[in-house]
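Only one structure is covered here, and it is reproduced in the block below.
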Protein chains: 2
Amino acid sequence: MDEQPEARAWRSLVTAVLVLEEALDRQSQRDGGLPHAYFSLLVFLYETPGHRLPASELAARLRHSPSRLTHAVTSMEKSGWLARERSATDRRVQIVALTEAGSRLVRRVSPRQATEVRAVALSRLSPQQVGQLEEISTAIVAALDERDAD
Amino acid sequence: MDEQPEARAWRSLVTAVLVLEEALDRQSQRDGGLPHAYFSLLVFLYETPGHRLPASELAARLRHSPSRLTHAVTSMEKSGWLARERSATDRRVQIVALTEAGSRLVRRVSPRQATEVRAVALSRLSPQQVGQLEEISTAIVAALDERDAD
DNA sequence: CGGGAATAGTTGAGATCTCAACTAAGTTGG
DNA sequence: CCAACTTAGTTGAGATCTCAACTATTCCCG
């Protein structure tokens, strides 16, 4: 039995992950009618100069598999929020571009999105803890990324 | 926009959540042939006296919706890892019980499960940060739980 | 140059998850 | 005592995600 600090921290973290995912999805679903992962994709494009990116770069930035990205893009293309453009220089490449409707969705939803779940989730943390959280999250991602590189 | 500490912490956290979920699922899938959420359910029953619990209590403890629990139980019943028993005192209640095969799976996988992803994910954290992580995670869950209570 | 390797993305099947609608069983106030 | 309400769980449809197999294009080296 290891009820060490690590085990306790681990349990809390896994629970927090679960609860957070759920809260994010619910809010995104309610505000915009799409899952959080999809909305994040739109926001990412929105913040990109030109509102467009090659699919593979988008996938890498969002840490999505190629397949996952294809399915997501296909779905959101049907919804009219983004469009595919074939690259002129490399015909393998699909450029994923935000449409005007997609931009409108981001502008409409983002202000609430940015504040609501986040504000609640972080509401009980001191400014110090917010700083700690960033460092810890970054370290976790770095550690797991490094392992994947094997 | 606000590139405040909160926004940065939030981004890191969301990324960490994504990466963690993926790592957990991959390991669980590889070691036991089932998703992390399913494996957690088996572990939870394994740690419960009698290796059985009413479905609604299981759902509450794991923070799963009734529907999600039903689907999970149905799937794992087919795999032979757990079984349903109808309660004698309240015929609405389904008792979910770990089978011998389920116990064996937990015993076989759990030692690696407990250490591998966890060890990697936490490897870059100082003992202090591990403590901070637990406090922060707990605070986040509490904050979101309280909101849900509305 | 040419053919194999790498890269980019797609596809379809199967699994899980959510949501809403539903059945069944127990509880309770008038 | 019984109709309305609550609680427990199921069901099926639809959406997303994973995984493996596949096509198309480009790169690279002998």
Side-chain angles (χ1 to χ4, degrees), chain A residues 17-30 32-42 53-79 81-97 148, chain B residues 17-30 32-42 53-79 81-97 148:
Chain A
V17 162
L18 188 71
V19 172
L20 258 175
E21 282 278 315
E22 203 191 316
L24 288 170
D25 264 337
R26 256 220 270 280
Q27 183 192 39
S28 194
Q29 204 63 253
R30 175 168 58 65
L34 76 180
H36 177 249
Y38 282 22
F39 188 71
S40 303
L41 193 159
L42 296 183
L53 270 183
S56 53
E57 193 175 338
L58 195 50
R61 302 283 207 106
L62 297 171
R63 296 159 188 277
H64 285 2
S65 70
S67 172
R68 183 176 178 178
L69 188 77
T70 293
H71 287 307
V73 169
T74 301
S75 165
M76 288 192 278
E77 197 175 26
K78 272 181 200 145
S79 303
W81 294 320
L82 42 78
R84 284 180 165 94
E85 303 166 357
R86 194 131 318 255
S87 158
T89 60
D90 183 338
R91 272 172 304 176
R92 290 169 304 181
V93 172
Q94 291 278 8
I95 310 275
V96 181
D148 284 351
Chain B
V17 162
L18 188 72
V19 172
L20 258 174
E21 281 278 315
E22 203 190 314
L24 288 170
D25 263 338
R26 256 220 272 279
Q27 183 190 40
S28 196
Q29 205 63 252
R30 175 168 58 65
L34 77 180
H36 177 249
Y38 281 22
F39 188 71
S40 303
L41 193 159
L42 295 183
L53 272 181
S56 51
E57 194 175 338
L58 195 50
R61 302 283 209 106
L62 297 172
R63 296 157 186 277
H64 286 3
S65 70
S67 172
R68 182 175 178 178
L69 189 76
T70 294
H71 287 307
V73 169
T74 301
S75 164
M76 287 193 277
E77 196 174 26
K78 273 179 198 145
S79 304
W81 294 321
L82 44 77
R84 283 180 165 95
E85 303 166 359
R86 190 82 42 208
S87 157
T89 60
D90 184 337
R91 271 172 304 177
R92 290 170 304 180
V93 173
Q94 291 277 9
I95 311 275
V96 181
D148 285 350

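Chain naming here is simple, since letters A, B, ... match the order of the sequence lines and numbering starts at 1 in each. All of these numbers come straight from a predicted model, not from anything done at the bench.
Less than 4.0 Å separates DNA chain C from at least one heavy atom of each of the following residues of residues 56-70 of chain B: B:Ser67, B:Arg68.
Each of A:Val93 and A:Asp25 was assigned the nucleotide of DNA chain C with the nearest heavy atom; the assignment lying further toward the 5' end belongs to A:Val93. Both B:Ala37 and A:Thr74 lie close to DNA chain C; mapped to their nearest nucleotides by heavy-atom distance, the more 5′-ward contact belongs to A:Thr74. Comparing B:Ile95 and B:Arg26 by the nucleotide of DNA chain D whose heavy atom lies nearest to each, the residue mapping closer to the 5' end is B:Ile95.
Distance, A:Leu18 CG to C:dT16 C1': 14 Å, rounded to whole Å. Taking atom NE2 on A:His71 and atom P on D:dA20, their separation rounds to 14 Å, with Å as the unit. Atom CZ in B:Arg30 sits roughly 17 Å away from atom P in D:dT18 (whole-Å rounding). Rounded to an integer number of Å, the gap from CG of A:Leu24 to C1' of C:dT18 is 16 Å. If you measure from atom CD of A:Glu22 to atom P of D:dT16, you get 17 Å, rounded to the nearest angstrom. The CD atom of B:Glu21 sits 17 Å away from the P atom of D:dT16 (whole-angstrom rounding). If you take CD of A:Gln27 and C1' of C:dT18, they are 17 Å apart, rounded to a whole angstrom. Rounded to whole Å, the distance from CD on B:Gln29 to C1' on C:dT16 is 11 Å.
Residues A:Leu20 and A:Leu18 have side chains not in contact (no heavy-atom distance under 4.5 Å, counting atoms from C-beta outward). Considering only heavy atoms from C-beta on, B:Asp25 stays 4.5 Å or farther from B:Gln29 through its side chain. Looking at heavy atoms from C-beta onward, A:Val17 lies out of side-chain contact with B:Leu24 at the 4.5 angstrom threshold. Within the 4.5 Å cutoff, the side chain of A:Val96 has heavy atoms near those of the A:Leu82 side chain. With contacts defined as side-chain heavy-atom distances shorter than 4.5 Å, the pair A:Ser79/A:Leu34 does not qualify.
Put simply, the side chain of A:Arg86 never gets that close to the backbone of A:Gln94: no donor and acceptor are under 3.5 Å apart. In this structure, the side chain of B:Ser87 engages the main chain of B:Thr89 through a donor-acceptor pair within 3.5 Å.
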Please list, one pair per line, the donor and acceptor atoms closer than 3.5 Å that link side chains of residues 66-76 of chain A to other protein atoms, with sequence neighbours excluded.
residue, atom, partner, partner atom, Å
A:Thr70, OG1, A:Pro66, O, 3.2
A:Thr74, OG1, A:Thr70, O, 2.8
A:Thr74, OG1, A:Arg84, NH2, 3.2

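Counting non-hydrogen atoms of neighbouring residues, nucleotides and ligands closer than 6.0 angstrom, the CZ atom of A:Arg30 exceeds 12 such neighbours.
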Check the interface with nucleotides 24-28 of chain D: list each N/O to N/O pair with the protein under 3.5 Å, or write none.
residue, atom, partner, partner atom, Å
D:dT25, O2, A:Arg92, NH1, 3.3
D:dT26, OP1, A:Arg91, N, 3.0
D:dT26, OP2, A:Arg91, NH2, 3.3

